[in-house]
Amino acid sequence: TCVPSRIVAFLRSMASMIEAQAQAALEQHLTNVASAIESTLDEQIKKLDDMDEDELDRLREVRLQQLKKQNEQKAEWRRKGHGKYEELSEEKEFFAASKASENV
């Protein structure tokens, strides 16, 4: 049951080589992913740089509409009592409150 020291040394050497290869493969993969992300970001930056005033105005308008819609949703939630704590004494009140909102 005793393993000769040469075999143990060989196995340790092989394990070190495999670990080094795995590390190198991981580093290469991460480099490839980072390059792909960088390319995508560069394309997006170029698109933004190449936009004219009309396109920027359209983007601003779309974003403004999104913000207005979010604000209206928040106002609706406030009207329905979202963000307030209240105790309900009856099961009927719970179901009434639950039906009034999709986020309960």
Side-chain angles (χ1 to χ4, degrees):
T1 61
C2 183
V3 179
S5 62
R6 290 183 322 159
I7 293 175
V8 171
F10 173 75
L11 291 175
R12 285 187 179 146
S13 171
M14 290 300 293
S16 293
M17 285 180 14
I18 291 170
E19 184 179 347
Q21 289 173 345
Q23 181 69 27
L26 178 62
E27 289 174 3
Q28 183 62 42
H29 179 68
L30 291 175
T31 301
N32 292 343
V33 169
S35 294
I37 292 171
E38 183 180 22
S39 295
T40 302
L41 288 174
D42 287 344
E43 289 172 17
Q44 290 175 348
I45 290 170
K46 182 168 176 22
K47 280 170 103 175
L48 289 173
D49 286 343
D50 293 344
M51 286 184 152
D52 62 12
E53 282 300 315
D54 291 337
E55 290 172 314
L56 288 173
D57 288 341
R58 186 178 47 78
L59 278 178
R60 284 185 193 104
E61 185 61 33
V62 167
R63 181 62 181 145
L64 183 61
Q65 293 303 320
Q66 289 173 340
L67 291 172
K68 285 181 181 179
K69 187 175 179 180
Q70 287 176 349
N71 195 31
E72 289 171 8
Q73 182 67 54
K74 286 179 185 179
E76 177 69 21
W77 286 339
R78 274 187 245 114
R79 281 192 297 277
K80 290 184 176 182
H82 283 250
K84 287 195 269 181
Y85 176 81
E86 60 183 88
E87 288 192 32
L88 305 174
S89 58
E90 296 180 18
E91 192 175 302
K92 194 175 194 179
E93 291 175 339
F94 170 76
F95 287 113
S98 296
K99 289 178 184 177
S101 175
E102 61 190 53
N103 294 328
V104 175

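This is a predicted model, so every value here is computed, not measured.
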CG (L59) and CZ (R63) are apart, to the nearest 0.5 Å, by 11.0 Å
If the test is salt bridge (charged side-chain N to carboxylate O under 4.0 Å, His left out), which one of K80, R78, K74 qualifies with E76?
K80
Among the clusters formed by ILVMFWY side chains lying less than 4.5 Å apart, do L64 and M51 turn up in the same one?
no
Are V8 and L11 linked, directly or through intermediate hydrophobic residues, by side-chain heavy-atom contacts shorter than 4.5 Å (ILVMFWY only)?
yes
Please give me the minimum heavy-atom distance between E55 and D50, naming the atom from each residue.
OE1-O, 4.2 Å
With a 3.5 Å distance limit and no angle check, can you tell me whether S16 reaches the backbone of R12 through a side-chain donor-acceptor pair?
yes
Among residues two or more places apart or on two chains, list those pairs meeting side chain to side chain donor-acceptor pair (under 3.5 Å) that have a residue in residues 28-39.
Q28-N32
Do other residues, nucleotides or ligands put more than 12 heavy atoms under 6.0 Å from the CD atom of E91?
no
Using side-chain hydrogen bond (donor to acceptor under 3.5 Å, both in side chains), reason through E61 and Q65 one step at a time and then give a plain yes or no.
CA-CA 6 Å; E61 185 61 33; Q65 293 303 320; 2.9 Å; yes
Test log, rule side chain to side chain contact (heavy atoms under 4.5 Å, CB included), inputs Q44 and T40:
CA-CA 6 Å; Q44 290 175 348; T40 302; 4.0 Å; yes
Contact check, side chains of L41 and E43, non-hydrogen atoms, under 4.5 Å:
no
Walk me through whether N71 and L67 qualify under side chain to side chain contact (heavy atoms under 4.5 Å, CB included).
CA-CA 6 Å; N71 195 31; L67 291 172; over 6 Å; no
May I have the step-by-step check of side chain to side chain contact (heavy atoms under 4.5 Å, CB included) for L56 and R60, ending in yes or no?
CA-CA 6 Å; L56 288 173; R60 284 185 193 104; 3.8 Å; yes
Using a strict threshold of under 4.0 Å (side-chain N to carboxylate O), is an ion pair present between K46 and D49?
no
Checking side-chain polar atoms at under 3.5 Å, does E27 have a donor or acceptor matched by the opposite partner on Q23?
yes
What do you reckon, is CD of E19 surrounded by more than 12 foreign heavy atoms closer than 6.0 Å?
no
